[in-house]
Structures are given as structure tokens and as C-alpha cells.
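Positions are given from 1, in the same order as the sequence printed here.
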Amino acid sequence: MMRHLNLSAPVFVDETAIARVWRVDCAGQPAALKIYHDPSLSNEGPGFDLLRALDGHGAVRVFAQQGAAVVLEWMNGPSLGDLTRDGKDDEAAVHLGHVAAALHGTELSVRGLTPLDDWCLRLFEIGFSPTCATDLKADMQKGQAIARELLATTLDIRPLHGDLHHDNIKLGPNGWRAFDAKGLLGDRTFELANAFRNPLGAEELQRSCARFQNCATQWADRFNVDRVRLMRWAAAKVALSVAWRSDGFLVDDKEADLLSMMLAQLPEN
């Protein structure tokens, strides 16, 4: 495979739940070789079709692919998550807004993307344990209602990165670029929803009402979307993540307080 993809000098970098990553030399330039454990590329297969279509506009370039092995533009870092963890969350928020705008700066036609409605199905299928806290169950039901309303009122359907957050954006030779796209198709406002509950290691900051409000204002302005709709998608995305972790039957969740905070910050209809 290394020879077929014209790669050399592999240096192991990391292993995640879904893949192993090496830094390699690709035709004289540094690149990242990502080999997925699952030949289907887990849920990131459609994301590579999107990344190829973007061709470097806000996202890393895809140099080559052979089965479960993908060769990508090398990003030296840091990530925007590193900036936030270093006390520079305001700066990270600015860069994140610019990357989101760059991703949506050109009209794209990409086949095979996952519909956002399908991506959200687990939220609507969740069951509740008899021991699930009453407040959490009520909040999840509010999240379900919000997601249904948002999906039913979508007007601006676009190709989406689908997992845009601080630790999926790194600095490279050509600036800040997104990677690890899921490749969704749906409401453009959803693109920034997951950023509110990130990055890892900044859980206290994520629960700040002021941060939630400030990011909503800044990102809505930079990304040219409705601020309240963005906040509603942020809350719905937390509920969706809770549903995914529940394995279909909710008892409790580490983001119950985050969901409660976001719902409390939403303007009344």
C-alpha cells in the first residue's frame, strides 16, 4: 500500500477509536495517512467525498485513497481546541467562524451525503429508564420537539461538514482547515451546532451562559444565520449526543446539565 500510494518514512502519530494515523512523506511533502479499523470508514465515508469537492476551501485536501486508507494534507497544529484549553477561547471562536464560512463559500454538488434527518433519528427513537431523572427526561423531550421543528422548517439545505468543532480544525501551511468531516446534507445552520459543546477539556467553559450567548452572536453574524435558530440547533445537538450515548435507553448523562443550561437560555417562542 505504501508503495502504491507513493508514501515513505511513516511515523506513527495516534490511534483513535476508529483509525490509526501516521505522518508520512507523499511525493516529497508531509502528509497524514489515516487507516480506518472499519473498511467502511465508519461514518466518515461521505465526508471524504465532501472534502474532495471542497478542494482545500476551509478543509484539508485529500491526496489519495485506497480502501480504508486515506492520505490527507498534513496539519502541524495547533488545533482550535488547543487554543481554547490555553485560555484563548475568544480567538478560537473567531477562527472557527471563518472556517465555517470558508466551507460554505462555494456552491457544491456532492452525491451520497447522509441526510440530516437520518443523522438525527436516534434522538427520536430514544427510550427512558424508570430511573431517569424527571428533569432530564423533560429536557430530552424538549430537545426532540426542537429538532423536529427545525428539520420541518429547513429552507437552506447544503452539504455539511457535520462535525465541525474546535478539535476538528487545525492550523497548517495554508491556514486553519477542518478535517474528519461526516458529510451530511441538511440545514446550513446545523453546521455550527456541535461547536458549542466543545472542545474536550473545557467542560466548565461550555456551561457558561455568557459563552453560549456570545458564541451565538458571533457565529450567527459571521456565518449569516439566524441567532436563535443556531442556539436551538445547539441544544438539539446536545440532546442528540445524549441519545447516541444512551444506546437507546436513557438512564443519566454527563451533559444533562449542559442541555438544561442551553434550553434555559433559549428565548420563549
Side-chain angles (χ1 to χ4, degrees), residues 18-19 32 34 36 38 40-65 68 70-73 75 79-80 95-123 147-170 172 174-198 215 219-227 229-234 236-237 240-241 244:
I18 62 174
K34 189 171 185 178
Y36 285 79
D38 183 346
S40 70
L41 308 183
S42 297
N43 58 6
E44 294 184 0
F48 288 114
D49 293 330
L50 175 61
L51 292 178
R52 277 187 282 267
L54 285 165
D55 193 28
H57 293 282
V60 298
R61 285 187 166 87
V62 180
F63 293 148
Q65 182 175 351
V70 186
V71 184
L72 304 157
E73 180 181 2
M75 308 298 286
S79 70
L80 292 184
H95 291 308
L96 199 149
H98 284 304
V99 170
L103 291 173
H104 289 249
T106 57
E107 294 290 334
L108 298 175
S109 178
V110 187
R111 294 182 178 181
L113 300 178
T114 302
L116 184 57
D117 296 63
D118 293 350
W119 193 250
C120 294
L121 279 178
R122 291 287 292 275
L123 176 56
R148 286 193 181 96
E149 188 272 333
L150 290 170
L151 290 169
T153 57
T154 298
L155 296 175
D156 194 358
I157 298 176
R158 301 286 187 91
L160 305 172
H161 178 286
D163 194 22
L164 191 66
H165 63 76
H166 301 66
D167 284 316
N168 279 348
I169 300 173
K170 276 190 175 183
N174 298 306
W176 297 96
R177 296 291 184 267
F179 56 95
D180 283 0
K182 301 302 183 187
L184 308 183
L185 183 67
D187 189 340
R188 181 172 179 268
T189 310
F190 178 82
E191 190 71 285
L192 282 164
N194 202 29
F196 289 89
R197 52 180 292 273
N198 277 281
C215 284
W219 291 339
D221 180 65
R222 184 68 188 89
F223 200 49
N224 193 28
V225 293
D226 181 80
R227 180 178 183 273
R229 189 175 183 89
L230 177 57
M231 294 170 69
R232 287 165 63 80
W233 261 127
K237 178 58 182 71
L240 177 59
S241 295
W244 284 337

Nearest 0.5 Å please: distance from the [atom1] atom of [X] over to the [atom2] atom of [Y].
{"X": "Leu50", "Y": "Phe48", "atom1": "CG", "atom2": "CZ", "answer": "11.0 Å"}
{"X": "Leu121", "Y": "Trp244", "atom1": "CG", "atom2": "CH2", "answer": "11.0 Å"}
{"X": "Leu123", "Y": "Leu240", "atom1": "CG", "atom2": "CG", "answer": "6.0 Å"}
{"X": "Leu108", "Y": "Asp55", "atom1": "CG", "atom2": "CG", "answer": "10.0 Å"}
{"X": "Leu103", "Y": "His98", "atom1": "CG", "atom2": "NE2", "answer": "13.0 Å"}
{"X": "Ile18", "Y": "Asn43", "atom1": "CD1", "atom2": "CG", "answer": "6.5 Å"}

List the steps and the verdict of side chain to side chain contact (heavy atoms under 4.5 Å, CB included) for Phe223 and Arg188.
-> CA-CA 9 Å; Phe223 200 49; Arg188 181 172 179 268; 3.5 Å; yes
Contact between [X] and [Y] at the side-chain level, heavy atoms closer than 4.5 Å - yes or no?
{"X": "Val225", "Y": "Trp233", "value": "no"}
{"X": "Leu72", "Y": "Phe179", "value": "no"}
{"X": "His166", "Y": "Leu96", "value": "yes"}
{"X": "Val99", "Y": "His161", "value": "no"}
{"X": "Arg61", "Y": "Leu51", "value": "no"}
{"X": "Leu150", "Y": "Arg229", "value": "yes"}

Report the C-alpha separation of Arg232 and Asp226 in whole Å, then their side-chain angles, then the decisive distance to 0.1 Å, and conclude whether the salt bridge (charged side-chain N to carboxylate O under 4.0 Å, His left out) test is met.
-> CA-CA 10 Å; Arg232 287 165 63 80; Asp226 181 80; over 6 Å; no
Which heavy-atom pair separates [X] from [Y] by the least distance, and what is that distance?
{"X": "Leu230", "Y": "Ala220", "answer": "CD2-N, 3.8 Å"}
{"X": "Tyr36", "Y": "Ala19", "answer": "CA-CB, 3.9 Å"}
{"X": "Ala100", "Y": "Leu164", "answer": "CB-CD2, 3.7 Å"}
{"X": "Pro46", "Y": "Gly183", "answer": "CB-O, 3.6 Å"}
{"X": "Lys237", "Y": "Ala193", "answer": "CB-CB, 3.9 Å"}
{"X": "Ala236", "Y": "Ala147", "answer": "CB-CB, 4.1 Å"}

Answer yes when [X] and [Y] have at least one side-chain N-carboxylate O distance shorter than 4.0 Å, and no when they do not.
{"X": "Lys34", "Y": "Asp180", "value": "yes"}
{"X": "Lys182", "Y": "Glu44", "value": "yes"}
{"X": "Asp49", "Y": "Arg111", "value": "no"}

With a cut-off of under 6.0 Å to the ring centre and 45° to the axis, is Arg158 in cation-pi contact with Phe190?
->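 Cation-pi check for Arg158 and Phe190: fails.
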Donor-acceptor pair, [X] side chain versus [Y] backbone, under 3.5 Å?
{"X": "Ser42", "Y": "Asp38", "answer": "no"}
{"X": "Arg177", "Y": "Gly56", "answer": "yes"}
{"X": "Asn198", "Y": "Asp167", "answer": "no"}

Please test Leu116 against Leu185 for side chain to side chain contact (heavy atoms under 4.5 Å, CB included), starting from the C-alpha separation and ending with a verdict.
-> CA-CA 6 Å; Leu116 184 57; Leu185 183 67; over 6 Å; no
Polar side chain donor-acceptor pair, Glu191 to His104, under 3.5 angstrom =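 His104 and Glu191 do have a side-chain donor-acceptor pair below 3.5 Å.
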Go through the steps for Val110 and Arg52 under the test side chain to side chain contact (heavy atoms under 4.5 Å, CB included), then give the verdict.
-> CA-CA 9 Å; Val110 187; Arg52 277 187 282 267; over 6 Å; no
Take Asp187 and Leu151, measure what side chain to side chain contact (heavy atoms under 4.5 Å, CB included) needs, and give me the verdict at the end.
-> CA-CA 7 Å; Asp187 189 340; Leu151 290 169; 5.9 Å; no
